[in-house]
Amino acid sequence: MKYLAIAFQLCPLFLLGLIQSATASQPPNVIIFYVDDLGWQDVQIEDIDAPCPYETPNLVKLAEAGMTFTQAYSPAPTCSPSRAGIITGQHPAKIKLTHVDLGKIPAGRATERLVAPYLQSHLDLDLMTLADAMKQNGYRTGHVGKWHVGLTATSYGFDFVNQTRGVHRGMDDRTKDFATANHPTYPLSKQKYPPLSKNKPNGISYPFDEVTQSAIDFIADSKQEPFFLNLCHWMVHWPVLTRNGELLEHYCDKFGFPFPPEPGDMTREGQQNPYFAAMTTTVDWSLGRLVDFLKHTDDPRSPGKKLIETTYLFFTSDNGGAEIRGKEIISDNAPLKYGKKHPEEGGIRVPMVVAGPGIAGGIRFEGLVNQLDYFPTILKLTQSSIATENFDALSGLDISPVLMGKSQTIKNRSGKERTHLFWHFPHNGPLAMKSAIREGDFKMYKRYDTADDELYRLYQDGQRLDLEEQNDLAKNPEFTSVVQRLAAKLDSDLAANDAEMPYLNPAFQAKKKASARIASSSFHAADHRATLTVKKNGPAIKEAYVIYGRETPDLPVSKEQQKQKKRLERKMQRRGQDSEATQDDHAAELLGMKYPATIDPDAHSIRAVIPKEISAYRFLFVDTNQFLHHSEIQLAK
């Protein structure tokens with residue numbers, strides 16, 4: 001069963017009492033406004049050191065109306081695991097989805113001792129999602145924008161799906177191919193919006209954005225049911241560009257660039273990329289349009305109230321900011337260390353604001369919070385119930401008492417205060433391949449390549465101390481007990497979540513242990529049985545899996561075929577259906593997933609029966625010396 005029906009056993013959440021709020025008579029609506037790659041210092045609500053030059057007035061207004069979480073974190077330093085974590089409420093380590101390389105065989109370099117685990121091609125369909133839970137409790141569910149955890153959002157409990165990129169699509173020439181009033185896809189708005197300037201005292205026009213409009217249309221169509229909307233912008237992810245010529249001109253003037261900008265990479269240090277600035281303000285414009293619609297639209301289920309009075313809005317980003325790509329300097333996370341793809345503060349600390357009925361405005365909460373907390377919190381805010389088994393699987397904590405001003409600390413169901421958060425990122429080579437734990441003032445890292453620890457003291461006595469993570473205290477005798485305590489907690493969390501660790505790389509030139517070597521691989525068409533053997537004079541097989549694939553996974557596709565495929569995907573996703581690219585059938589759900597293979601008693605051979613609808617496969621196995629291996633793709637015929 002995908003999840004247990006609430007008719008059987010209700011979770012303890014239901015027994016904790018109901019929140020008294022302005023929406024006590026009707027379940028409130030919920031919106032998650034999720035931005036891609038927006039850093040902690042890329043908005044005007046977290047200014048420390050140099051002020052943020054990117055203008056985000058609508059987020060500032062939202063913060064004035066709600067609660068800002070100054071030490072908020074994403075579940076991971078990259079996109080897919082954070083999205084999977086927020087939609088399932090389970091830690092990425094627990095659901096074995098810890099990076100974006102879904103369905104890709106990890107290929108270790110000859111210079112790298114370790115190799116990352118294999119990640120399945122899509123989020124496990126047996127996991128309960130937040131959309132499933134909301135539907136189960138009478139909500140209409142919608143997803144708009146980026147999905148990026150495999151298949152499409154229609155497979156995970158959403159009634160309405162539009163995975164369009166909206167205005168954030170590639171351009172032939174980012175210096176001049178701007179939208180016009182009569183543009184067939186991105187016509188400029190007649191209404192003017194901020195920023196205001198000496199040259200544009202009445203504001204500027206913005207290109208049509210299907211992501212924003214689709215979200216508003218979904219809300220408008222949700223009449224008699226409460227709604228849950230997962231609104232996920234593709235901005236401010238690469239490519240760094242904008243179709244808003246007036247907005248780009250505004251930032252070129254602000255940063256001292258000519259307009260139109262000269263072709264080539266933006267290489268000025270710091271937060272001075274006018275394209276990125278324009279993307280950030282465009283996302284803020286989208287937030288403003290959404291909030292404005294809520295303010296001026298009646299809630300059909302609550303006479304006399306506007307939707308803004310009956311809707312909770314969660315604003316945040318999927319991971320820390322991206323700082324550089326090639327020669328292009330995108331933005332700057334300073335004073336935080338590193339950025340996206342790193343578990344350091346710059347890769348996981350994110351802006352976060354929550355507003356809605358019962359939440360006091362202008363409040364700043366300094367405690368540790370994680371997006372994994374959204375699932376149990378939304379259940380509580382909406383007075384929703386799920387089966388105990390599903391609720392017990394959640395990794396986050398209910399933060400509604402903090403939101404409602406009833407508590408100054410986040411506590412678990414036993415009433416114990418949260419002490420720490422942890423992350424697991426066994427990817428991206430030696431520098432980034434780490435697990436991390438944050439407790440109080442300290443942040444500690446478990447480095448897998450060098451098999452040692454790092455320790456930093458971010459704060460002391462409530463004041464910033466080493467937010468830059470420059471002074472490693474791990475080898476300082478004064479902090480030995482801190483390292484030991486945090487290491488024990490981190491190891492305990494990793495074990496409790498069955499976190500998959502990096503493996504030894506059989507291609508590593510300087511390896512000190514022997515690795516298994518494949519001797520033969522065969523397929524028997526009569527009974528669809530696949531077999532693989534390794535050489536007897538090497539390590540035995542410890543774990544074994546089979547991965548189903550396509551017969552011609554690397555077949556070149558013409559540009560016209562690519563265009564036709566993209567057009568069909570956009571059309572199908574707007575209708576809330578799976579695209580042809582995912583082939584909404586049983587075979588598509590099998591492709592790229594990892595299934596146990598049988599290890600023969602000699603431990604040097606493995607076998608698996610391949611389903612008839614599968615045209616190709618490969619084996620993945622771990623030998624007794626902890627090397628990760630994969631066979632070449634084999635045809636199942």
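What's counted below: heavy atoms across the whole structure, side chains too, no hydrogens, waters or symmetry copies. As the structure is a computational prediction, the values presented were derived from the model and not from experiment.
A side-chain N or O of D132 and one of T129 form a donor-acceptor pair less than 3.5 Å apart. A donor and an acceptor atom, one from each side chain of E344 and Y456, are nowhere located under 3.5 Å apart. If you check the side chains of D42 and Q271, you find a donor sitting under 3.5 Å from an acceptor. Residues T297 and K306 bring no donor and acceptor atom of their side chains to less than 3.5 Å of each other. Looking at R289 and Y206, their side chains never bring a donor and an acceptor atom within 3.5 Å of each other. Between S331 and Y54, the side chains place a donor N or O and an acceptor N or O closer than 3.5 Å (distance only, hydrogens not considered).
Residues F365 and I410 are in side-chain contact: their nearest non-hydrogen atoms beyond the backbone lie under 4.5 Å apart.
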Apply side chain to side chain donor-acceptor pair (under 3.5 Å) to the pair T281 and Y251, showing each step before the final yes or no.
-> CA-CA 10 Å; T281 296; Y251 279 111; 2.5 Å; yes

Run the ring-ring contact (aromatic ring centres under 6.0 Å, His included) check on H233 and F33 step by step: do they pass?
-> CA-CA 8 Å; H233 273 282; F33 194 104; 5.3 Å; yes

Please tabulate, one pair per line, all N/O donor-acceptor pairs under 3.5 Å involving side-chain atoms of residues 333-341, not counting sequence neighbours.
{"residue": "N333", "atom": "ND2", "partner": "G321", "partner atom": "O", "Å": "2.9"}
{"residue": "N333", "atom": "ND2", "partner": "Y338", "partner atom": "O", "Å": "3.2"}
{"residue": "K337", "atom": "NZ", "partner": "E469", "partner atom": "O", "Å": "3.3"}
{"residue": "K340", "atom": "NZ", "partner": "D37", "partner atom": "OD1", "Å": "3.4"}
{"residue": "K340", "atom": "NZ", "partner": "D37", "partner atom": "OD2", "Å": "2.9"}
{"residue": "K340", "atom": "NZ", "partner": "H237", "partner atom": "NE2", "Å": "3.2"}

Only pairs under 3.5 Å count here: list side-chain donor-acceptor contacts from residues 56-69, not counting sequence neighbours, and write none if there are none.
{"residue": "T56", "atom": "OG1", "partner": "Q44", "partner atom": "N", "Å": "3.1"}
{"residue": "N58", "atom": "ND2", "partner": "D284", "partner atom": "O", "Å": "3.1"}
{"residue": "N58", "atom": "ND2", "partner": "D284", "partner atom": "OD2", "Å": "3.0"}

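Around the CD atom of Q463, the shell of radius 6.0 Å holds no more than 12 heavy atoms that belong to other residues, nucleotides or ligands. Counted within 6.0 Å of NZ on K254, heavy atoms from surrounding residues, nucleotides or ligands total more than 12; the atom is thus considered enclosed.
Salt-bridge formation is detected for the pair E46/R364: a Lys NZ or Arg NE/NH1/NH2 atom is positioned less than 4.0 Å from an Asp or Glu carboxylate oxygen.
A distance below 6.0 Å separates the ring centres of F160 and F218.
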